[in-house]
Amino acid sequence: MKQILTVANKEFHDGLRNRWLVSITLIFAMLSIGLTYFGGAASGALGIASLSTTIASLASLAVFLIPLIALLLSYDSFVGEQESGTLLLLLTYPLNTTQLLLGKFLGQGSIIALATILGFGSSAIVLYWQLDDTAVFSVFSTFITSAVLLGLSFTAIAYLISLLVSEKSKAAGFALITWFLFALAFDLALLALLVGVEQGISQQGLTQLMMLNPADIFRLVNLSGLDSSDINGALAIAIKSSLSQGQLFAILLAWVVLPLTAASIIFKKKKL
């Protein structure tokens, strides 16, 4: 455990030196507070929107932003160090591949988690100050927890990419392709199926397909308890599924554990 914490501490302080924590926190804070104040502008109203509208807007923002940031933060975690020759050096210490992987994950995951809490937490404070409703903290705690899990899931996916490729440039390319597939192309494919399949897709079938995308699970977690008038498209259908919020959280957690486990297995077998 000491080795894991040592690596985590190094990764976290590297993130501080590279201004990752400050940059991510500022991005989240500015965009979330902006959406909190002007979330109702699309409907022609200015000022603080309702809690449901704010969460729906923040979820739409986070589902694009968090995966991209997590991938950019982590895509070169192993291939970058392998290219520079420091990966072999690290493994000469009393440190095995699993400890190194978990240490990096804990350190970089802490950056994402802290930035998410501070950035989106600022929006919760603003909303509570304006609405004076304690429900704000309950809803935002669910939102922030699921946002952290979303970031961790894409960090684990980035590790898979970093361990499967041999060049940093390839890792960057695959990271962007991964973001495009999960954040954009997947939902477009679902819409194409809904429109193009003659018999349509059942509610259960659509929900099962959405479990293949951590970004969609994140949206389902946060939108399932909101006013349905703020939600449309495939989400409006899937949101009526029989899966509880707890089950959705468990599946989102699986999207963290399974890619991380796969990355650990690949790392053990990887020839350096």
Side-chain angles (χ1 to χ4, degrees), residues 3-37 58-87 89-90 100-126 140 143-163 165 167-180 182-183 214-215 218 256 259-260 263:
Q3 292 91 333
I4 294 174
L5 292 177
T6 300
V7 175
N9 183 61
K10 173 190 175 296
E11 291 295 327
F12 186 81
H13 282 86
D14 284 348
L16 288 179
R17 281 196 298 271
N18 295 329
R19 303 292 189 270
W20 271 108
L21 178 59
V22 175
S23 301
I24 298 171
T25 301
L26 288 176
I27 289 170
F28 286 168
M30 288 189 296
L31 292 176
S32 63
I33 291 174
L35 280 177
T36 300
Y37 270 111
L58 289 176
S60 297
L61 167 71
V63 83
F64 292 106
L65 197 58
I66 291 177
L68 181 61
I69 288 175
L71 289 166
L72 291 177
L73 177 64
S74 311
Y75 79 91
D76 63 342
S77 294
F78 297 96
V79 69
E81 293 207 10
Q82 186 176 2
E83 281 190 349
S84 63
T86 56
L87 188 58
L89 178 62
L90 281 172
L100 179 58
L101 179 80
L102 292 177
K104 282 181 171 290
F105 182 75
L106 184 59
Q108 293 177 338
S110 297
I111 292 173
I112 293 174
L114 188 56
T116 302
I117 292 169
L118 294 175
F120 290 109
S122 61
S123 180
I125 293 171
V126 169
F140 265 86
F143 174 80
I144 290 174
T145 302
S146 60
V148 170
L149 287 176
L150 179 66
L152 294 180
S153 68
F154 277 91
T155 300
I157 292 170
Y159 286 176
L160 274 176
I161 294 170
S162 191
L163 288 165
V165 300
E167 296 177 13
K168 189 175 177 179
S169 57
K170 289 182 179 178
F174 279 114
L176 290 175
I177 291 170
T178 300
W179 174 80
F180 175 78
F182 280 109
F218 165 77
V256 179
L260 196 62

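The backbone N or O of Gly80 lies less than 3.5 Å from a partner atom in the side chain of Ser84, making a donor-acceptor pair. Remark: side-chain polar atoms of Ser146 are not paired, donor with acceptor, to backbone N or O of Phe218 under 3.5 angstrom. A distance-only check finds no donor-acceptor pair linking the side chain of Ser74 to the backbone of Ala156 [under 3.5 Å]. Listed for the Tyr159 side chain is no donor-acceptor partner under 3.5 Å among the backbone atoms of Ser77. A donor-acceptor contact shorter than 3.5 Å is absent between the side chain of Trp179 and the backbone of Leu72. Distance alone, capped at 3.5 Å, places no donor-acceptor pair between the Thr25 side chain and the Gly119 backbone.
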Between His13 and Asn9, is the side chain to side chain contact (heavy atoms under 4.5 Å, CB included) condition met? List the steps. CA-CA 6 Å; His13 282 86; Asn9 183 61; 2.8 Å; yes
Please walk me through it: do Ile69 and Phe28 pass side chain to side chain contact (heavy atoms under 4.5 Å, CB included)? CA-CA 11 Å; Ile69 288 175; Phe28 286 168; 3.7 Å; yes
Under the side chain to side chain contact (heavy atoms under 4.5 Å, CB included) criterion, do Phe105 and Leu152 qualify, and how do the steps go? CA-CA 8 Å; Phe105 182 75; Leu152 294 180; 3.9 Å; yes
Assess the residue pair Phe174 and Tyr75 against the criterion (ring-ring contact (aromatic ring centres under 6.0 Å, His included)); give the C-alpha distance rounded to whole Å, side-chain angles, the decisive distance to 0.1 Å, and a yes or no. CA-CA 9 Å; Phe174 279 114; Tyr75 79 91; over 10 Å; no
Checking side chain to side chain contact (heavy atoms under 4.5 Å, CB included) for the pair Leu149/Val256: CA distance, chi angles, key distance, verdict? CA-CA 7 Å; Leu149 287 176; Val256 179; 4.3 Å; yes
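Here the CD1 atom belonging to Ile111 is positioned 11.5 Å from the OG1 atom belonging to Thr116, to the nearest 0.5 angstrom. With rounding to the nearest 0.5 Å, the separation of CD1 in Ile161 from CZ in Phe78 is 12.5 Å. Of the inter-residue distances, the one linking Ile144 atom CD1 with Leu150 atom CG reads 13.5 Å to the nearest 0.5 angstrom. If you take CG on Leu101 and CG on Leu260, they are separated by 5.0 Å, rounding to the nearest 0.5 Å. Here the straight-line distance linking atom OG1 of Thr6 with atom CG of Leu106 works out to 11.0 Å at 0.5 Å rounding. Residue Ser123 holds its OG atom at 8.0 Å from CZ of Phe143, rounded to the nearest 0.5 Å.
Looking only at side-chain heavy atoms (C-beta outward), Thr155 and Leu73 stay at 4.5 Å or farther from each other. Side-chain contact between Val79 and Leu163 is absent, with no heavy-atom pair separated by less than 4.5 Å. Residues Leu100 and Leu87 meet the side-chain proximity criterion, which asks for heavy atoms closer than 4.5 Å.
The local environment of CZ in Phe12 is crowded, with over 12 non-hydrogen atoms from other residues, nucleotides or ligands closer than 6.0 Å.
Residues Lys168 and Asp76 come closest through the heavy atom pair CE-OD2, 3.3 Å. Taking all atoms of both residues into account, the shortest heavy-atom contact from Ile24 to Ala115 is CG2-CB, 3.4 Å. Pairing each heavy atom of Ala70 with each of Ile112, the nearest pair is CB-CD1, 3.8 Å. Across all non-hydrogen atoms, the minimal contact from Ser122 to Ser32 is OG-OG, 4.1 Å.
The aromatic ring centres of Phe120 and Phe140 sit 6.0 Å or more apart.
A salt bridge links Glu81 to Lys104: at least one charged side-chain nitrogen sits closer than 4.0 Å to a carboxylate oxygen.
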